[in-house]
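See structure below.
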Amino acid sequence: MKNIAIFASGSGTNAENIIRYFSDSETIKVAVVLSNNRHVKVHERVNNLGVPSFVFSREEFVAGTPIINKLAEFRVDFIILAGFMNKIAAPLLKAFPDKIINIHPALLPKHGGKGMFGMHVYNAVVAAGDRESGITIHYINENYDEGDIIFQATCPVLSTDTPDDVATKVHALEYAHYPKIIEKVVNHPNIHPEDV
């Protein structure tokens with residue numbers, strides 16, 4: 001059994017979707033959820049599903065050791081980012097090489113980088129006049145949204161679409177694909193992106 005940790009900063013809809021997906025899995029378990037914010041709904045969502053959650057401070061995150069120790073306590077093999085707003089600190093990258101996965105709500109390298117999250121991304125897609133958008137699932141490295149791409153899925157963007165319309169389409173892709181890609185990568189750590 002491989003244990004995964006989810007890092008989340010917000011309402012936790014993706015975290016909940018991932019936990020539900022793996023609830024009957026014989027190979028993967030969501031062991032713990034970590035957050036940088038104690039006042040967000042992700043804690044309620046995941047606790048209701050029987051998954052413990054913990055909050056860490058900025059100082060603990062930068063230092064890395066308290067987070068790494070908590071992950072060791074739960075025997076975590078992979079870290080999954082689900083709406084997590086902090087850049088991953090160097091100690092975590094070193095402790096989990098090629099074992100930290102993120103999802104970005106656009107087709108990287110477009111609309112990526114610092115400050116490009118949530119509605120900022122959907123506003124940028126509409127402002128750019130893009131005719132398609134989607135999701136990018138990728139490994140994390142030391143730079144925002146620059147890790148190796150594992151998987152992308154697209155959705156059309158109509159000329160009449162608002163940023164909220166784009167968000168709805170992208171969220172549907174997230175819920176449909178993210179758990180399945182996590183499953184493939186965690187069960188086959190050396191899988192090549194073209195095989196996902």
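The first residue of the sequence shown is numbered 1, and numbering continues consecutively from there.
- The two residues G134 and L173 come nearest to each other via the heavy atoms CA-CD1, 3.8 Å.
- Dense packing is recorded around CZ of R131, with more than 12 heavy atoms of other residues, nucleotides or ligands lying under 6.0 Å away.
- Hydrophobic cluster membership differs between V76 and L49, with clusters built from Ile, Leu, Val, Met, Phe, Trp and Tyr side chains linked at under 4.5 angstrom.
- Ring centers of F84 and F117: at least 6.0 Å apart, outside the cut-off.
- Nearest heavy atoms, A63 versus P91: O-CG, 3.5 Å.
- Without hydrogens or angle criteria, S23 side chain to R20 main chain gives a donor-acceptor distance under 3.5 Å.
- Crowding of K41 atom NZ: a count of heavy atoms from other residues, nucleotides or ligands under 6.0 Å not exceeding 12.
- In summary, the side chains of D130 and H111 do present a donor paired with an acceptor at a separation below 3.5 Å, with no hydrogens or angles considered.
- A donor-acceptor pair shorter than 3.5 Å cannot be found between the side chains of N86 and S9.
- With hydrophobic clusters built from ILVMFWY side chains whose heavy atoms lie under 4.5 angstrom apart, L107 does not share a cluster with M116.
- Under the rule for a side-chain contact (heavy atoms from CB on, under 4.5 Å), the partners of V185 that lie at least two apart in sequence or sit in another chain are F78, I101, Y139, I150, I181, I191.
- Just one residue in the list N3, I4, T27 forms a side chain to side chain contact (heavy atoms under 4.5 Å, CB included) with V186, and that residue is I4.
- Checking side-chain atoms of N102 against main-chain N and O of H138 turns up no donor-acceptor pair under 3.5 Å.
- The distance from atom CG of N47 to atom OG of S53, rounded to the nearest 0.5 Å, is 4.0 Å.
- Listed here is the closest heavy atom pair of G10 and V40: O-CB, 3.3 Å.
- To the nearest 0.5 angstrom, F22 atom CZ is 14.0 Å from K29 atom NZ.
- Of all heavy-atom pairs spanning S35 and A8, the tightest one is OG-O, 2.8 Å.
- The shortest non-hydrogen separation linking L92 to I100 is O-CD1, 3.8 Å.
- Residues N14 and E174 have side chains that bring a donor and an acceptor to within less than 3.5 angstrom of each other.
- One hydrophobic cluster, built from ILVMFWY side chains closer than 4.5 Å, cannot hold both I6 and I88; they sit in different ones.
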- Apply side-chain contact (heavy atoms from CB on, under 4.5 Å) to the pair N17 and Y21, showing each step before the final yes or no. CA-CA 6 Å; N17 185 51; Y21 183 86; 5.6 Å; no
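- Atoms CG and CG, on D98 and L93 in that order, are 10.0 Å from each other to the nearest 0.5 Å.
- With hydrogens and angles disregarded, no donor-acceptor distance shorter than 3.5 Å links the side chain of T136 to the backbone of Q152.
- Not a single donor-acceptor pair under 3.5 Å links the side chain of K114 to the backbone N or O of Y144.
- Looking only at atom types and distance, the side chain of S133 has no donor-acceptor partner in the side chain of Y122 under 3.5 Å away.
- Counting heavy atoms from C-beta on, the side chains of H177 and I182 never come closer than 4.5 Å.
- Side-chain polar atoms of D165 and T168 form no donor-acceptor pair below 3.5 angstrom.
- Judged purely by atom type and a 3.5 angstrom limit, H43 uses its side chain to pair as donor or acceptor with the backbone of N37.
- By the rule that hydrophobic residues join a cluster once side-chain heavy atoms approach within less than 4.5 Å of another member, F54 and V42 end up as members of separate clusters.
- We find the CD-NZ distance between E132 and K110 to be 8.0 Å, quoted to the nearest 0.5 Å.
- A donor-acceptor distance shorter than 3.5 angstrom exists from the side chain of R45 to the backbone of S11, with no hydrogens or angles considered.
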Hey, can you pull the donor-acceptor pairs under 3.5 Å for the side chains in residues 64-73, sequence neighbours left out?
{"unit_1": "N69", "atom_1": "ND2", "unit_2": "T65", "atom_2": "O", "d": "3.4"}
{"unit_1": "K70", "atom_1": "NZ", "unit_2": "E73", "atom_2": "OE1", "d": "3.4"}

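- If you run side chain to side chain contact (heavy atoms under 4.5 Å, CB included) between V46 and each of I19, V30, V32, only I19 comes through.
- For the atom pair CD1 of I79 and CG of L81, the computed distance is 7.5 Å after rounding to the nearest 0.5 Å.
- Remark: D77 does not engage K99 in a salt bridge, criterion side-chain N to carboxylate O under 4.0 Å.
- Although no hydrogens or angles enter the test, the distance criterion places a donor-acceptor pair under 3.5 Å between the side chain of H171 and the main chain of A167.
- Atom CD of residue E16 and atom OH of residue Y175 lie 9.0 Å apart, to the nearest 0.5 angstrom.
- Side-chain atoms of N48 come within 3.5 Å of backbone atoms of E44 as a donor-acceptor pair (strictly under, hydrogens ignored).
- Side-chain atoms of D161 do not come within 3.5 Å of backbone N or O of V157 as any donor-acceptor pair.
- Tracing side-chain contacts under 4.5 Å through hydrophobic residues (I, L, V, M, F, W, Y), one never reaches F7 starting from I135; they form parts of separate clusters.
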